[in-house]
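Remember, it's 1-based here, ligands and their atoms both numbered in the order they're listed. Remember, it's a predicted structure, so these values are computed and weren't measured experimentally.
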Amino acid sequence: MRYISTRGQAPALSFEEVVLTGMASDGGLYLPEEIPSLSRDDLAAMAGLSYAEIAFRVMKPFVNGEIDDDTFRAIVEEAYATFSHDAVVPLNQLDANHFLLELFHGPTLAFKDVALQLLGRILDHFLKKRGERAVIMGATSGDTGSAAIEGCRHCDNLDIFILHPHNRVSEVQRRQMTTVLADNVFNVAIEGNFDDAQAMVKASFADQSFLNGTRLVAVNSINWARIMAQIVYYVASAVALGAPHRPVSFCVPSANFGNVFAGYMAYRMGLPVERFVIATNANDILHRTLAANDFSKQELKATLAPSMDIVVSSNFERLLFEAYERDGAAVASLLERFQAEPTALADAPLARLREKFASHSVDDATILEVIREAHHRTQEILDPHTATGYRAAERERGDAAVPMITLATAHPAKFAEAVVKAGFPGVPLPPHMDDLLEREERYSVLPAELSAVQQFVVENRR
Ligand SMILES: *Cc1c(COP(=O)(O)O)cnc(C)c1O
């Protein structure tokens, strides 16, 4: 199995290379050259298996023997042993045929743990094998940095530096990062805003000479291994509800499109999926594109579902590549036009997307209304991201006989602000985190200057 770029110009890579590389040299994203298939028998045989065993079986063809089976199985088991629920990603029934897939039982209470617990371990394995070390740099506005830190804290061959804007991150979110006291974890509070932090990370990737040859690795959602890890829960949840003997639908709170694209990969591998509903907040580029063929950037809006606040959905490029029947040149030219001005998809690719995808956009007032309504009807308190999914699933349900699985992407305690605004007294942290506010913290405050940050990285990496 080789991996090819969505823009058709970069060299094909092995699994190991693709995990270490991130973005392709032609600006595209990597995808498997051939999509492996899961037969009806393969799916039927997964009924009743543990999540780790299903994960091993689903991901094995993508890994392509580049990690031996015993080692890969051990990596997968270790990654999902960090989850606080035996089912790893339990299904929770909301009504006769609507289910929540709870993806928030990992160490940082959001679905990104599912991919990052695995990615850190896979990276560490390959680096160890090569006798190399690597540095990870990332910027966070607060909500997602902790998942990367938790994914790397046990990795001997990785040092991770996460920049957050000083005094502009909620206390719970800061502490989820700064109370990880591992030797290879460095939290940097930048005296500036999130854009300053992100600009310094981007500049460091663009010119890596300050690291004198040490590899800089990105663990953002364009890394193929993150998509691969997310395919698993689509398969596992559909099997739990009767796949391959009956189809299901999924509703996915979406931003960079990595999560729902993983679902689409599961479908292309052979999982019977009736439809995917894409839920967005007020940052609705995905909804505008699908519903009105308006593929254009709009100004960023700060919403109650901040992990979905985006202008551009980076992983949408992967779906465009499939919709344009893997014509890399057509994808490259569409995205070039998109960067410059509002544009539109060609008719045939748009029609292909509309066969499988529906969409719905949910504004902040509706998020609050949905949190109240869902609690009234089910006793569940939804986090604001999941609330967009709950509403979109109901509005775009399709055939009511097909089970609808809405992905619950975060625990409500992680986004308590919205829950309180909806009129609830708040949500307690789960038991394994209830001493978070008493734990020791460690972080360094630095000015918003590239040279200061890079000097800090060079002096502290091991
Ligand atoms: C990252 C995130 C999303 C969006 O997922 P994408 O893969 O970027 O579409 C939704 N909800 C939460 C809580 C997230 O952290």
Side-chain angles (χ1 to χ4, degrees), residues 29 89 100-117 119 138-151 170 172-173 176-177 218-231 233-234 250-266 276-287 289-290 300 303-319 357 359-362 367 370-371 382-393 406-419 427:
L29 308 182
V89 292
L100 264 191
L101 179 59
E102 295 183 352
L103 301 176
F104 52 69
H105 295 279
T108 76
L109 310 181
F111 90 97
K112 290 188 174 69
D113 290 328
V114 179
L116 284 162
Q117 285 298 317
L119 175 57
T140 183
S141 52
D143 42 349
T144 60
S146 56
I149 288 171
E150 287 286 350
S170 79
V172 165
Q173 293 189 347
Q176 282 194 294
M177 301 189 282
V219 295
N220 55 18
S221 73
I222 62 168
N223 193 304
W224 167 255
R226 284 185 59 172
I227 308 278
M228 176 185 81
Q230 293 170 176
I231 296 171
Y233 48 71
Y234 289 90
F250 290 97
C251 179
V252 188
S254 294
N256 272 321
F257 208 74
N259 198 357
V260 63
F261 184 76
Y264 176 74
M265 288 301 292
F276 293 98
V277 179
I278 297 166
T280 73
N281 63 18
N283 297 288
D284 61 354
I285 179 168
L286 291 166
H287 176 58
T289 302
L290 269 163
L300 185 72
T303 74
L304 290 171
S307 299
M308 288 161 60
D309 288 351
I310 46 96
V311 174
V312 176
S313 294
S314 46
N315 275 294
F316 190 54
E317 176 163 351
R318 286 187 158 117
L319 185 64
F357 292 90
S359 62
H360 189 74
S361 158
V362 180
I367 286 175
V370 170
I371 293 173
L382 304 180
D383 101 283
H385 306 83
T386 306
T388 68
Y390 184 91
R391 173 57 60 96
T406 294
L407 275 53
T409 53
H411 190 290
K414 187 158 184 168
F415 296 96
E417 183 200 340
V419 174
V427 191

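Considering backbone and side-chain N/O of Ser254, none are found under 3.5 Å from N/O of ligand 1. Taking any N or O of Met308, backbone or side chain, none lies under 3.5 Å from an N or O belonging to ligand 1.
Below 4.0 Å from some heavy atom of Ala410 lie the following atoms of ligand 1, by number and element: 13 (C). Listed by atom number, the atoms of ligand 1 under 4.0 Å from Phe257 heavy atoms are 6 (P), 8 (O), 9 (O).
Donor-acceptor pairing under 3.5 Å is recorded for the side chains of Ser221 and Asn315.
Closest to atom 1 (C) of ligand 1, if we only count protein heavy atoms, is Lys112 NZ, 1.4 Å. In terms of protein heavy-atom proximity, atom 9 (O) of ligand 1 is nearest to Ala255 N, 2.8 Å. Among all protein heavy atoms, the one lying closest to atom 8 (O) of ligand 1 is Asn256 N, 2.8 Å.
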**OP:** List the steps and the verdict of side-chain contact (heavy atoms from CB on, under 4.5 Å) for His287 and Ile278.
**Re:** CA-CA 7 Å; His287 176 58; Ile278 297 166; over 6 Å; no
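Relative ring orientation between Phe111 and Tyr233 is described as perpendicular, the plane-to-plane angle rising above 60° on a 0-90° scale split at 30° and 60°.
Closest to atom 3 (C) of ligand 1 by heavy atom, among Phe415, Phe104, Phe111, is Phe111. Relative to atom 7 (O) of ligand 1, the option among Thr409, Thr144, Asn259, Asp143 with the closest non-hydrogen atom is Asn259.
The closest approach between a heavy atom of Pro253 and any atom of ligand 1 is below 4.0 Å.
The closest side-chain heavy-atom distance from Ser307 to Lys414 is not below 4.5 Å.
The heavy-atom pair separating Ile285 from Ser313 by the smallest distance is CG2-OG, 3.9 Å. For the pair Ser361 and Asp284, the tightest heavy-atom approach, listed with the atom from each and the gap, is OG-CB, 3.7 Å.
Distance CD1/Ile371 to CG/Leu304: 7.5 Å, rounded to 0.5 Å.
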